[in-house]
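For clarity, every value in this text was computed on a predicted model and none was experimentally measured.
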Protein chains: 2
Amino acid sequence: MTDYKIQNVDAIRDSAGQACSMLKILANEDRLMLLCQLTQGEKNVGELEAATNIQQPTLSQQLTILRKDNIVKIRKDGKFNYYSIASDEVIQVMQTLGSLYGCNK
Amino acid sequence: MTDYKIQNVDAIRDSAGQACSMLKILANEDRLMLLCQLTQGEKNVGELEAATNIQQPTLSQQLTILRKDNIVKIRKDGKFNYYSIASDEVIQVMQTLGSLYGCNK
DNA sequence: ATAATAATTTATAAATTAATAATATATAAA
DNA sequence: TTTATATATTATTAATTTATAAATTATTAT
């Protein structure tokens with residue numbers, strides 16, 4: 001190839017890396033469905049199950065992934081576990097996606 | 001679980017599906033780097049290689065994926081292939097990501 | 001024609017993610 | 001304290017994605 005000017009490739013890759021780890025988590029239909037629901041506010045697992053038709057163990061699994069990456073936070077109340085979105089970045093991306101695909105309507 | 005009201009789950013899943021197929025393509029560090037570059041305008045493969053340090057066959061492979069999903073379009077000029085972003089949705093998402101992580105600066 | 005440059009394609013192994021089923025834990029009600 | 005409900009965890013297999021290397025095509029210049 002010809003010689004072109006190289007400018008702060010590492011900085012760009014670093015940004016891309018950060019954005020990418022978030023996108024990898026969003027890039028799953030179940031998780032996206034769950035986050036869609038949570039953009040409307042806190043919901044417990046049963047509510048999420050009813051709103052998404054995702055079977056319970058799968059749902060719990062995906063919530064665990066979201067929890068571990070600090071995308072959502074949990075609040076326990078009796079035998080119910082309530083989830084809500086914890087990441088401002090995710091809220092913003094979900095907003096953009098919602099306006100493009102209507103997935104948070 | 002308790003019984004909750006179910007409303008248009010299928011419609012939401014459909015939206016999530018669409019958004020998800022786009023996110024799956026963005027959720028790769030190399031592809032994201034390339035799209036970052038292309039938000040600045042059309043670039044040929046050599047320029048993309050220099051700007052990203054992605055080795056050429058990998059780069060070509062990822063561009064093929066982006067092309068097949070109509071995320072980018074190609075313009076051939078002599079022995080150079082110029083790429084640019086073809087999807088308005090992707091432009092919007094990249095813009096949001098750029099404002100959050102600075103990856104299109 | 002031959003060589004050089006720009007880019008793509010193909011193949012394969014390794015790694016990651018998703019799908020599914022079974023089991024376990026925690027809280028509350030009977 | 002047994003039972004039911006809500007939720008989480010673990011294990012296993014299947015599928016998808018990524019990484020890497022080798023070979024090929026296309027265009028231009030010599």
Side-chain angles (χ1 to χ4, degrees), chain A residues 1-6 13 16-17 19-35 37-38 42-69 71-84, chain B residues 1-6 13 16-17 19-35 37-38 42-69 71-84:
Chain A
M1 55 135 251
T2 322
D3 235 47
Y4 295 103
K5 188 177 52 179
I6 299 173
R13 179 162 291 280
C20 196
S21 17
M22 186 243 251
L23 291 173
K24 276 183 202 290
I25 293 170
L26 299 194
N28 170 282
E29 208 172 302
D30 288 336
R31 288 193 295 269
L32 208 52
M33 291 275 290
L34 293 171
L35 290 170
Q37 289 309 119
L38 295 180
E42 196 187 54
K43 285 195 161 51
N44 69 40
V45 179
E47 290 171 320
L48 290 172
E49 191 180 354
T52 61
N53 286 352
I54 299 169
Q55 56 178 303
Q56 191 277 318
T58 301
L59 194 150
S60 215
Q61 232 169 241
Q62 299 304 341
L63 286 174
T64 301
I65 291 171
L66 293 172
R67 235 187 305 121
K68 284 192 177 147
D69 278 274
I71 305 287
V72 301
K73 57 175 180 261
I74 190 173
R75 177 176 72 82
K76 303 196 179 199
D77 181 12
K79 55 179 173 175
F80 297 96
N81 289 357
Y82 287 89
Y83 284 90
S84 56
Chain B
M1 55 135 250
T2 323
D3 238 45
Y4 296 104
K5 190 178 53 180
I6 299 174
R13 181 161 289 279
C20 196
S21 16
M22 187 243 251
L23 290 173
K24 277 183 200 290
I25 292 170
L26 298 196
N28 169 283
E29 208 172 301
D30 287 338
R31 290 194 292 272
L32 208 52
M33 289 277 289
L34 292 171
L35 289 169
Q37 289 309 118
L38 295 179
E42 195 187 56
K43 286 198 161 48
N44 68 42
V45 179
E47 289 170 322
L48 291 173
E49 190 181 355
T52 61
N53 286 352
I54 300 168
Q55 56 178 302
Q56 194 276 320
T58 300
L59 194 151
S60 214
Q61 231 169 243
Q62 300 303 342
L63 285 174
T64 301
I65 292 171
L66 294 172
R67 237 188 302 121
K68 284 191 177 145
D69 278 274
I71 305 286
V72 301
K73 56 175 181 262
I74 190 173
R75 177 178 70 84
K76 303 197 178 197
D77 182 11
K79 56 180 174 174
F80 297 96
N81 289 358
Y82 286 89
Y83 284 89
S84 56

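Between B/R31 and B/L26, every side-chain heavy-atom pair lies at or beyond the 4.5 Å cut-off. A/L63 is listed as a side-chain neighbour of A/Y83, based on a closest heavy-atom distance under 4.5 Å.
No salt bridge links A/K24 with A/D69; every basic N to acidic carboxylate O contact stays at or beyond 4.0 Å.
Side chain of B/P57, nearest nucleotide from D/dA22, D/dT7, D/dT27: D/dA22. Taking only side-chain atoms of A/N44, from C-beta outward, the nucleotide of D/dA8, D/dA19, D/dT7 with the closest atom is D/dT7. Distance from the side chain of B/S60 is smallest to C/dT9 among D/dT5, C/dT9, C/dT17. Closest contact between the side chain of A/F80 and the listed nucleotides C/dA7, D/dT7, D/dA22 involves D/dT7. Comparing D/dT18, D/dT9, D/dT17 against the side chain of B/R31 picks out D/dT18 as the nearest.
Atom P of nucleotide C/dT27 and atom NZ of A/K79 are separated by 12 Å, given to the nearest angstrom. Between the C1' atom of D/dT7 and the NZ atom of A/K43 lies a distance of 18 Å, rounded to the nearest Å. Distance A/K68 NZ to C/dT17 P: 13 Å, rounded to the nearest Å. B/L63 has its CG atom 10 Å from the C1' atom of C/dA7, to the nearest Å. Rounded to an integer number of Å, the gap from CG of A/L59 to C1' of C/dT20 is 15 Å. Atom CG in A/L23 sits roughly 12 Å away from atom P in D/dT18 (whole-Å rounding). What separates CD1 of A/I54 from C1' of D/dT7 is a distance of 15 Å, to the nearest Å. Rounded to whole angstrom, the span from the CG atom of B/D30 across to the P atom of D/dA19 amounts to 6 Å.
Among residues two or more places apart in sequence or in another chain, the salt bridge (Lys or Arg N to Asp or Glu O under 4.0 Å) test is passed with A/R67 by none.
A distance-only check finds no donor-acceptor pair linking the side chain of A/D77 to the backbone of A/F80 [under 3.5 Å]. Remark: side-chain polar atoms of B/T52 are paired, donor with acceptor, to backbone N or O of B/L48 under 3.5 angstrom.
Both A/N81 and A/K24 sit near DNA chain D, but only A/N81 has its closest nucleotide nearer the 5' end. Looking at which nucleotide of DNA chain C each of A/D77 and A/I65 is closest to, the 5′-most match is held by A/I65. Nearer the 5' end of DNA chain D, as judged by each residue's closest nucleotide, is the contact made by A/V45, out of B/A27 and A/V45.
Looking at heavy-atom distances under 4.0 Å, B/Q61 makes contact with a base. A/I74 comes within 4.0 angstrom of sugar-phosphate atoms only, judged by non-hydrogen atoms across all strands, and of no base. Using a 4.0 Å heavy-atom criterion, one finds that B/T64 contacts the sugar-phosphate atoms exclusively.
In this structure, A/Y83 reaches the D/dA8 phosphate: one of its side-chain N or O atoms is under 4.0 Å from OP1 or OP2.
Counting distance only, with no hydrogens placed and no angle test, the side-chain atoms of A/Q56 and the base atoms of D/dA8 include a donor-acceptor pair under 3.5 Å.
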